[in-house]
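Right, one structure below, let's go through it.
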Amino acid sequence: MGRKGSYFSLHLPGFMLPIHHIYPKLATPANVIITTHQKPDPDALGSSLALSQVLLALGHSVTVISPTNWAAFLDWMPGAEAVLNFEITREKSASLINAADWIFCLDFNTLSRTKNLAPVLEQATAAKVLIDHHQQPAVESFAYGISDITKSSTCEMIYDFIIEGGWENLLTVDVAACLYAGLIGDTGSFRFPAASANVHKMAAHLKETGLKHTKVHEHIYDNFMESRLRFIGFVLTSRMEVYYEYNTALIYISKNDLLRYDIKTGDTEGLVNYPLSIGGIKMAAICIDRDEERKWSFRSKGNVDVNTFARRFFEGGGHFNAAGGRSSASLEETVKTFKKVLKENASEFQLI
Ligand code: 5GP
Ligand code: MN
C-alpha cells in the first residue's frame with residue numbers, strides 16, 4: 001500500500017476532502033506516520049502524541065516523526081521517548097514515510113514548516129491528512145483534512161476528532177495530559193481570545209479522565225535551569241527596545257548571548273510575551289540569531305495582524321495575534337529592516 005490511487009489516497013489534486021471521510025477508513029489497520037512542524041511546541045507534540053495513542057489503540061502501526069529536536073520540557077509526554085527526530089534518523093524516517101498509508105500533518109499547513117523533511121513528505125504517496133488551525137492553508141498538499149482558524153489549538157481539533165470519530169472510550173488520562181499541554185500552550189493558560197466555552201468544556205472533560213493538570217503546568221513552565229532565568233533578566237535589561245511612538249517592543253538575541261547562558265531549544269519560548277505586559281504595547285517582536293537563519297516571533301494584542309506582518313516582511317505567517325518568520329540577512333540587517341518596516345507601516349497595522 002502507500003501507492004498512488006490506493007484505497008487510502010483518493011487525492012483529487014488541489015482538492016482537500018473533509019476529515020469525516022477518513023473515519024470509516026480508519027477501521028482498517030494501516031501504517032500511519034504523524035508529523036508536525038519543526039521545533040515542535042506543546043501543541044504540536046501534544047496533538048501528535050495524543051493522536052498516536054488513539055490510533056495505536058485502534059490497531060494501527062504508528063510512528064511520530066518530528067522534523068527536528070524539541071524542548072526538554074516536553075520529554076515527560078507519554079510516548080515522547082518513541083518519537084523519531086528526522087535530523088538524526090533520516091534513512092529510517094524516510095523509509096517509514098515511503099511505506100506509509102496515511103501521513104497526518106498536525107499544527108502546520110504548508111510543508112515548508114517541516115524544514116528538511118518537506119521534500120520527503122512532498123514525494124510520499126500516502127494519503128496526507130491535515131489537522132491545523134493556522135491561517136492560509138496550502139490545501140493542495142493534502143488529500144483530506146480540516147483547517148479551522150477559530151480553534152484554539154490543534155489539540156482542541158484532535159479532541160474533536162476523537163469525539164466525532166466515536167472513540168471517546170480511548171480518551172485515557174495519558175491522552176488527556178498531551179491534549180491539555182497543547183491547550184494551555186496555545187491559549188496562554190486560557191487567557192487568549194481563542195479560549196472559548198468549548199475549550200473550557202473540553203478541559204472539564206479532560207479533568208474527568210483523572211488528569212493532574214497542575215503537574216502538566218509544572219512540567220512545561222517550572223522545569224528550567226537557573227541560567228535560563230538569569231538569561232531572561234539579561235535580555236530584558238540589555239536586549240529590549242521599546243518604541244512607544246509605535247506601541248511596539250523589540251528583543252534581539254545574538255549567537256553569543258545564547259552561548260554565554262548555555263541556552264537550549266525551548267529556553268527562549270515565551271520570551272516574546274514579556275514586552276506585552278507593558279501598558280499600551282500592542283506588538284512585541286523577537287529575533288534570535290540561529291545557526292542557519294534569523295528566527296522571528298511576533299505577538300500582538302487586539303486588531304494588530306501579525307500574521308500579515310510576518311507574511312509580508314519576514315517570509316512567515318501563523319495566527320492573527322501570534323506569528324513567526326525568518327530572515328537570511330544578518331541579525332543587524334534584519335533588525336534594521338524591522339525598524340524600517342515598522343515605521344513605514346505602523347499606521348496600516350493599527351499600531352498608531
Ligand atoms: P512561535 O513564535 O511560537 O514560533 O510561532 C507562533 C505561531 O506562528 C505558531 O503558531 C507557529 O506555528 C507559527 N509560525 C512560526 N514561525 C513560522 C514561519 O516561519 N512560518 C509560518 N507560516 N508560521 C510560523
Ligand atoms: Mn498550535
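Atoms within each ligand, like the ligands themselves, are counted from 1 in listed order. If you're wondering where the values come from, they're calculated on a predicted model, not measured in any experiment.
- The Mn ion (ligand 2) forms the vertex of an angle spanning OD2 of Asp43 and OD1 of Asp107; to the nearest 10 degrees it equals 90°.
- A salt bridge between Glu218 and Lys215 is present, with a side-chain N of the basic residue lying under 4.0 Å from a carboxylate O of the acidic one.
- The distance from the Mn ion (ligand 2) to the nearest N/O/S atom of His134 is not under 2.8 Å.
- In summary, the atoms of ligand 1 found under 4.0 Å from a heavy atom of Ala323, numbered by their order in the structure, are 2 (O), 6 (C), 7 (C), 8 (O).
- Asp132 lies apart from the Mn ion (ligand 2) in this respect, since none of its N, O or S atoms is found at a distance under 2.8 Å.
- The closest approach between Arg299 and ligand 1 falls below 4.0 Å for a heavy atom of the residue.
- Regarding atom 4 (O) of ligand 1, its nearest protein heavy-atom neighbour is Ser297 OG, 3.8 Å.
- Protein heavy atom at the shortest distance from atom 19 (O) of ligand 1 is Lys295 NZ, 3.3 Å.
- Counting atoms of ligand 1 from 1 in the listed order, those under 4.0 Å from a heavy atom of Gly325 are 16 (N), 19 (O).
- The Mn ion (ligand 2) sits nearest to atom OD2 when only the N, O or S atoms of Asp186 are considered.
- Looking at atom 9 (C) of ligand 1, its nearest protein heavy atom turns out to be His134 NE2, 3.6 Å.
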Query - side-chain contact (heavy atoms from CB on, under 4.5 Å) between Phe314 and Cys287, intermediate numbers included - result: CA-CA 11 Å; Phe314 295 101; Cys287 185; over 6 Å; no
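- A salt bridge does not link Lys115 with Glu293: none of the charged nitrogens is closer than 4.0 Å to a carboxylate oxygen.
- Ring centers of Trp296 and Phe313: at least 6.0 Å apart, outside the cut-off.
- For the pair Glu269 and ligand 1, no heavy-atom separation below 4.0 Å is found.
- Atom 7 (C) of ligand 1 has as its closest protein heavy atom Ala322 O, 3.6 Å.
- In this structure, His134 contributes its side chain and Asn109 its backbone to no donor-acceptor pair below 3.5 Å.
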Report task. Show the numbers, then the answer: is there a side-chain contact (heavy atoms from CB on, under 4.5 Å) between Thr35 and Ile97? Result -> CA-CA 10 Å; Thr35 191; Ile97 287 170; over 6 Å; no
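- For the residues Gly324, Gly318, Ser153, the heavy atom positioned nearest atom 18 (C) of ligand 1 is part of Gly324.
- Using a 3.5 Å distance cut-off with no hydrogens or angles, the side chains of Asn98 and Ser95 do not pair a donor with an acceptor.
- Summary: NE2 is the N/O/S atom of His133 found nearest to the Mn ion (ligand 2).
- The aromatic rings of Trp167 and Tyr23 lie perpendicular to each other, with more than 60° between the two planes, well past the 30° mark.
- Annotation: cation-pi geometry satisfied between Arg260 and Phe234 (NZ/CZ under 6.0 angstrom from ring centroid, within 45° of ring axis).
- In this structure, the ring of Phe338 has its center no less than 6.0 angstrom from the ring center of Tyr252.
- Ligand 1 does not have Arg326 within reach: every non-hydrogen atom of the residue lies 4.0 Å or more from it.
- Checked by distance only, ligand 1 and His319 come closer than 3.5 Å through their nitrogen or oxygen atoms.
- Protein heavy atom nearest atom 23 (N) of ligand 1, with residue, atom name and distance: Gly317 O, 3.1 Å.
- The protein heavy atom nearest to atom 11 (C) of ligand 1 is Arg113 NH2, 3.3 Å.
- In summary, Asp41 and Lys39 do not engage in a salt bridge, as defined by a charged side-chain N under 4.0 Å from a carboxylate O.
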